[in-house]
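What follows is a single structure, written as structure tokens, with notes after it.
For clarity, every value in this text was computed on a predicted model and none was experimentally measured. Every chain is numbered from 1, with letters handed out A, B, ... down the list of sequences.
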Amino acid sequence: MTGFFAYLKKELWEQLMTMKAVIICILFFLLGIISPIGAKYAPEVISRLTKDSITIQMADPTYLDAFAQFFKNLSQLGVIIFVIVFGNVLSQELTKGSLIIPMSKGLSMKAVIHAKFIALVFYWTAALAVSFLSCAIYTRILFSEINLEGVAILLLGSWIFGVFLISLIIFSNILCRGGYISLLLIAGCVGVLFLLNLLPDVRDYLPLKLVGVDVASALINQDYSFSKSGAVTCMLIVAFLLISHICAADKRKFCN
Amino acid sequence: MMNMSELLLVLAPVVLVEIVLAVLALISIFKTHGCRNGNKTVWAVIVIFVQILGPIVYFLFGKGDGNQQ
């Protein structure tokens, strides 16, 4: 357990020193402010781009548009940025051989996996908090009116989806040695999820349901529920971590 | 139409982020022993002239392994 805490501390510190954590926070901050700005000024920009002979009637943007844009950006661009920045967090160490020394001193591969997972979950939570706070502050300034009721459950959905992707990153890093191959595996898994999403019977059980919600309608009607997809996603997170543990038993030979 | 205060509100954080990132990246370039995927001059030019994305790309793909001079 001491090894785990020491490695967790090292991991949190390393992501900070390599600037990855700072970059993620800055990018998520920009992602947060882009959403209300885009929602506020997009109709004006579109109306200026069209010619005088064409009239486009657009409803005045509200804070709901800003939140809809925010959750859309978060589930697409945000997730892609996070996977690119942290996609090779474990495979890099395995290929460089930097785990050999700590493991020869008794650190188990299980502790490494747990520490990496918790460090990434910590940075995902921090990035989500920075992003949402910047979005909420800018929405308040630009739209004057803001209602945060129901936003927490949508944020929780995005958070669980992010944790699911982190478990997928750990799993793919353990399974594949090269950084780019593990990124391809993650993309492949997400591709399979999109294909499964085409089937109406299983759609409600997929992790994509957590982030594929109509935000404006969910906030107005307060009818958003993801109990099925949330439960399935939590099971998938545990399954990916368990498979990683099983594969890591062989990986120890690889590290030595 | 955007007025001056709205324009400042939109641009100020972006400019601030750009300046902070560029300064941090330049310090890192000149302090570390070598850069990955290119030499120091190329990375310095990218960091200075490619707004926001330049420093981010440098930290992700160009930063050396931390051997400080």
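Chain A forms the most heavy-atom pairs under 4.5 Å with one residue out of B:S28, B:A25, B:P13, B:P55, and that residue is B:P13.
Here the closest non-hydrogen pair linking A:T18 and B:K63 is O-CD, 4.4 Å.
Between A:I26 and B:I52 there is no side-chain heavy-atom pair separated by less than 4.5 Å.
Annotation for A:K72: atom NZ does not count as buried by contact number, only 12 or fewer foreign heavy atoms lying within 6.0 Å. Heavy-atom neighbours of A:K10 NZ from other residues, nucleotides or ligands within 6.0 Å: above the threshold of 12. The neighbour count for A:F143 CZ, taken as heavy atoms of other residues, nucleotides or ligands under 6.0 Å away, is above 12.
Contact of A:L27 with chain B is made through the side chain alone, with heavy-atom distances under 4.5 Å.
With rounding to the nearest 0.5 angstrom, the NZ atom of A:K20 is 7.0 Å from the CG atom of B:L60.
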